[in-house]
Number of protein chains: 2
Amino acid sequence: MSNTYHWKFKVSGRIWLDCNEHSFLGQGKVELLKKIQELGSLRQAAQAMEMSYRQAWENIKKINTCAPEPMVILKRGGLNGGIAELTPFALKTIHDFEKLNDSFEAFLISQSDILNND
Amino acid sequence: MSNTYHWKFKVSGRIWLDCNEHSFLGQGKVELLKKIQELGSLRQAAQAMEMSYRQAWENIKKINTCAPEPMVILKRGGLNGGIAELTPFALKTIHDFEKLNDSFEAFLISQSDILNND
DNA sequence: CTGCGTTGTTCAAATTAAAACATAACGCAT
DNA sequence: ATGCGTTATGTTTTAATTTGAACAACGCAG
């Protein structure tokens, strides 16, 4: 430490994706998408995340309308009452976002170091 | 572009500083601090930012209690009814945060490029 | 064609957040 | 002492957000 201001500041932050100036995908929505993939049901995914069905449904609506192509296919009726499934585009975007988020985490750590050491 | 997913995603985000697991300084509060430095009055700074005095005051309280040392000296009474002024520590921290934010902007741009070009 | 569990939608209720109001405390100037 | 403009804080109102309950629409299984 080369000066007197050496207290521990942590640099924190969040990132998300915009499309047409609208935010449409961040960590929370990615979590929801992954739960949908795991459970095959929007209602169950919402319940698993302790989120209201309405909120979950609106999140998916926002994702599908903002993104350049749909990410979640929702169908009602049928064998188990309905289906929620991800498109290949969703899978790729989730993967991209998580890689991006890893880079961001590394950025935060490196910047915390810089901030506390000069 | 080497694949079919070449639509323009923009990576956006926000960063802030934590101290003892509490967020205490982000872009908004830095703006407020700079207005205080400019005007010498918390009330006038709040008004200039179209923010309620109460909100401004609570922001300063949070900054002063969370930060390792005070950033704003508030005094009531006296010549002009009162004074609000920044400490040297505040000036340094503002400068650090703005440099940090510049790095972050660059990070966002570079990541947007990566996301849209691979 | 009935039952089932889901998606899709509305609407009142409840919770939370923000703004507005009121007023005390302060210290310098006059 | 009085006035002034500020800091400091409690209280009340209002607005915004979220939740919950309710119910229609759907399509397969039996």
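The analysis underlying the following values was restricted to heavy atoms, covering all of them including side chains, and did not include hydrogens, waters or symmetry mates. Numbered from 1 within each chain, the chains take letters A, B, ... in sequence-line order.
- The distance from atom CD1 of A:I73 to atom P of D:dC26 is 18 Å, rounded to the nearest whole Å.
- The distance between atom CG of A:N80 and atom P of D:dG30, rounded to the nearest whole Å, is 11 Å.
- Salt-bridge formation is detected for the pair B:K35/B:E38: a Lys NZ or Arg NE/NH1/NH2 atom is positioned less than 4.0 Å from an Asp or Glu carboxylate oxygen.
- Atom CD1 in B:I36 sits about 13 Å away from atom C1' in D:dT6, given to the nearest Å.
- Atom OH in B:Y53 sits about 14 Å away from atom C1' in C:dA22, given to the nearest Å.
- At the phosphate of D:dT19, OP1 or OP2 sits under 4.0 Å from a side-chain N or O atom of A:S52.
- Atoms CG (A:L74) and P (D:dA25) sit 19 Å apart, rounded to a whole Å.
- Of all nucleotides listed (D:dA29, D:dT19, D:dA8), D:dA8 comes nearest to the side chain of B:W57.
- Rounded to whole angstrom, the span from the NZ atom of B:K75 across to the P atom of D:dG5 amounts to 21 Å.
- A:Q55 has no side-chain polar atom (N or O) that falls below the 4.0 Å cut-off from OP1 or OP2 of D:dT18.
- Of all the heavy atoms in B:F89 and B:A67, the pair that sits closest is CE2-CB, 4.3 Å.
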Report task. Dot-bracket for DNA chain C, please, read 5' to 3', with Watson-Crick or G-U wobble pairs under 3.5 Å on both distances, ( ) within the strand, [ ] crossing, | other strand, . unpaired. Result -> ||||||||||||||||||||||||||||||

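- When each of A:I83 and B:G78 is assigned the nucleotide of DNA chain C bearing its nearest heavy atom, the one mapping closer to the 5' terminus is A:I83.
- The separation between A:L42 atom CG and C:dG5 atom P is 17 Å, rounded to whole Å.
- Picking from D:dT6, C:dT6, D:dG20 the nucleotide with the shortest atom distance to the side chain of A:R54 gives D:dG20.
- Between the side chain of A:S112 and the main chain of A:V11, a donor-acceptor pair closer than 3.5 Å is present.
- A search for side chain to side chain contact (heavy atoms under 4.5 Å, CB included) contacts involving B:Q37 returns B:L86, B:L91, not counting sequence neighbours.
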Identify all side-chain donor-acceptor contacts of residues 55-64 of chain A below 3.5 Å with residues at least two apart in sequence or on another chain.
unit_1, atom_1, unit_2, atom_2, d
A:E58, OE2, A:R54, NE, 3.4
A:N64, OD1, A:M71, N, 2.7
A:N64, OD1, A:V72, N, 3.1
A:N64, ND2, A:V72, O, 3.0

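- Taking the six-membered ring wherever Trp is involved, the centroid distance between the rings of A:F104 and A:F97 does not fall below 6.0 Å.
- Listed candidates were D:dA24, C:dC28, C:dA20. Nearest to the side chain of A:R76 is D:dA24.
- Atom P of nucleotide C:dG5 and atom CD of A:Q47 are separated by 13 Å, given to the nearest angstrom.
- Ring to ring, A:F9 and B:F24 are close: their centroids are under 6.0 angstrom apart.
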